[in-house]
Number of protein chains: 2
Amino acid sequence: MVLAKKQINKENLLSEGVQLLMQQGYHGTGLKEILDAVQIPKGSFYNYFSSKESYAAEVIQHYINPFIEQLDSHLQNPELDALTALNNYFNELIVELEKAEFKGGCLLGNLMGEIGDTSDLCQKSLQLAVNRYKDLLATGLKKAQMEGTARIDKSADDMADLLVNTWQGALLRMKIEQSAEPIKQCCNDLLGDYFRV
Amino acid sequence: MVLAKKQINKENLLSEGVQLLMQQGYHGTGLKEILDAVQIPKGSFYNYFSSKESYAAEVIQHYINPFIEQLDSHLQNPELDALTALNNYFNELIVELEKAEFKGGCLLGNLMGEIGDTSDLCQKSLQLAVNRYKDLLATGLKKAQMEGTARIDKSADDMADLLVNTWQGALLRMKIEQSAEPIKQCCNDLLGDYFRV
DNA sequence: TTAATAAAAACGACCAGTCGTCTTTATTTG
DNA sequence: CAAATAAAGACGACTGGTCGTTTTTATTAA
C-alpha cells in the first residue's frame with residue numbers, strides 16, 4: 001500500500017520527466033516545475049532520487065522502454081517480413097511526431113547533444129539506451145537479411161548504427177523546419193533504398 | 001577607436017559564446033561565465049546585445065561562417081574532384097574533433113536539440129545556418145555529379161540533406177561513445193558508398 | 001554643456017539541494 | 001497481544017547562490 005504509493009509517485013515523476021526534459025532540456029527544466037506537475041512536494045524528491053542528474057539518468061531508461069516494446073511487437077508480427085515491420089514502425093513514429101507538431105523530438109537525441117559529454121551518469125544511461133535500441137534494430141535488419149530483402153554486403157549492426165544516427169539527425173532538422181519531411185526522407189533513403197538488395 | 005573596440009568586444013563575446021554554448025548548451029551557460037571569460041562587465045552586455053536569446057542567434061551565425069569558408073576552399077581547389085574535396089573536408093573535421101577529444105561536437109546540432117523548437121529567434125538562425133551549409137554541400141555534390149563521380153538518380157540537394165542529418169546524428173553518437181567511429185562511418189557509408197555511381 | 005556610451009549596482013525570480021519536524025510504519029519489549 | 005521504541009518516509013520552509021534583465025550612475029566624446 002505505502003510501497004505501492006511510492007512506486008506510483010516515482011513512476012509519475014519519471015513520466016513527467018520524460019515530457020518536460022524532452023521539450024525543455026535538462027538545464028531548461030527545474031525540479032520545481034516537474035514536482036508541481038505531479039503534485040509532489042519539493043522535499044520529497046530526494047526520497048525518490050539522489051540528485052537531479054541520477055533522476056535524469058532514470059528518465060532516459062524510462063523513455064526508451066516503450067519504444068523498444070513497440071518496435072519489438074512489430075518485429076514479432078509473423079505476418080510481416082522484417083523490413084516491412086521496420087517501415088511500419090517508423091511510420092507510426094512519424095504519425096506520432098506529426099501529432100505532436102514536431103515538438104520535443106527524441107529525448108535521447110536532445111540529451112546527447114546537451115549533456116552527453118558533460119554528465120558521466122547520463123552519458124552511461126544514454127549509451128545503454130541507444131545501444132539497447134540499436135541492437136533491436138540490428139536484430140530486425142538481420143532478419144531482413146535472412147529473408148532476402150536487405151543487402152548482406154553490409155553488416156546489420158552497421159546498418160542499424162546508420163539508421164539510428166540518420167534518424168536522430170533528421171529529428172533535429174524536423175524540429176527547426178517544423179516539418180516531417182526530414183524523417184520521411186530518412187526512411188525512404190535507408191529503409192526504402194540503401195538497405196535493400 | 002571606440003567603435004573599433006566595441007567591434008572587438010562583440011567579436012570576443014561571440015567567439016567565447018561559440019565555445020561555451022557548444023560545450024555546455026544554452027541553458028547550461030550563464031551570461032556571467034561568458035562575460036568573465038572575456039572580461040567584460042555584466043552591465044555592459046546589453047550594450048552589445050538586446051538579450052541572451054538574440055546573442056545566441058548571432059553566435060550561431062558566427063559559428064557556421066568558418067565552416068562554410070573551409071568547405072568552400074576545399075571545393076574551390078582546382079586539382080581535386082568535388083567528391084574527393086568533400087571527403088578531405090570531412091576528414092579535416094574528424095581530425096579536429098579527435099583533437100578536442102569529442103567534446104562539444106556541433107553547436108548547431110546541440111542547439112537544434114535543446115532550443116530548436118522553443119526559441120523562435122534561434123530557430124530561424126539555425127534554419128539559416130543549416131541551410132547555408134547544406135546548400136554549399138549540395139553545390140559540391142552537384143559538381144561531383146557533373147564530374148561523373150556521384151550518382152545522378154538522386155538530387156544533389158537530397159543527398160546534401162541526408163549527409164547533414166547523418167553527420168549530425170553521428171556527432172551525437174560520438175559524444176556519448178567518446179569515439180570517432182560514428183563520424184567515420186558516416187563518411188564511409190555516404191561519401192564512400194551510397195553517393196557514388 | 002549636451003548627448004552618447006560604458007559600467008556599476010540592484011532587481012525579483014529562480015536554482016538545486018538541505019533542514020528540522022512531523023507523520024507513518026516496523027521492530028522490539030513486557 | 002499490547003505498549004514502547006526505533007526507523008523510515010513525507011514535507012514545507014529555507015539555504016546560499018545564480019539567473020537574465022533593468023535602472024542608475026559614471027565616463028567619455030562632440
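Since the model is a prediction, treat every value here as computed from it, not as a measurement.
Taking atom CG of residue Leu121(B) and atom C1' of nucleotide dG20(D), one finds them 15 Å apart after rounding to whole Å. What separates CG of Asn47(A) from P of dT21(C) is a distance of 17 Å, to the nearest Å. To the nearest angstrom, P of dC15(C) lies 18 Å from CD of Glu53(A). Atom-to-atom, OH of Tyr48(A) to C1' of dA10(D) comes out at 7 Å; the value is rounded to the nearest Å. Nucleotide dC11(D) holds its P atom 8 Å from the CG atom of Asn9(A), rounded to whole Å. Here dA16(C) presents its P atom at 15 Å from CZ of Phe49(A), a figure rounded to the nearest Å.
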Watson-Crick and G-U pairing of DNA chain C written in dot-bracket, each distance under 3.5 angstrom, with | for inter-strand partners: ||||||||||||||||||||||||||||||
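Ring orientation note: the planes of Tyr194(B) and Tyr194(A) are tilted relative to one another, at an angle of 30° to 60°.
Qualifying side-chain hydrogen bond (donor to acceptor under 3.5 Å, both in side chains) partners for Ser73(A), counting only residues two or more places apart in sequence or in other chains: none. Judged as a side-chain hydrogen bond (donor to acceptor under 3.5 Å, both in side chains), and not counting sequence neighbours, Asp135(A) has no contacts. Residues meeting the side-chain hydrogen bond (donor to acceptor under 3.5 Å, both in side chains) test with Glu33(A), sequence neighbours left out: Gln24(A). Checked against side-chain contact (heavy atoms from CB on, under 4.5 Å), Gln61(B) has the following partners two or more places apart in sequence or in another chain: Ile64(B), Ser125(B), Leu128(B), Ala129(B), Arg132(B). A search for side-chain hydrogen bond (donor to acceptor under 3.5 Å, both in side chains) contacts involving Ser54(B) returns Ser50(B), not counting sequence neighbours. Residues passing the side-chain contact (heavy atoms from CB on, under 4.5 Å) test with Ala160(A) are Lys134(A), Leu137(A), Ala138(A), Leu141(A), sequence neighbours excluded.
Listed by residue number, Pro41(B), Gly43(B), Ser44(B) are the residues of residues 14-44 of chain B with a heavy-atom contact under 4.0 Å to DNA chain C.
Listed pair Tyr46(B) / dA7(C) fails the phosphate criterion, with no side-chain N or O lying under 4.0 Å from OP1 or OP2.
Counting only residues at least two apart or in different chains, ring-ring contact (aromatic ring centres under 6.0 Å, His included) contacts with residues 102-145 of chain B are absent.
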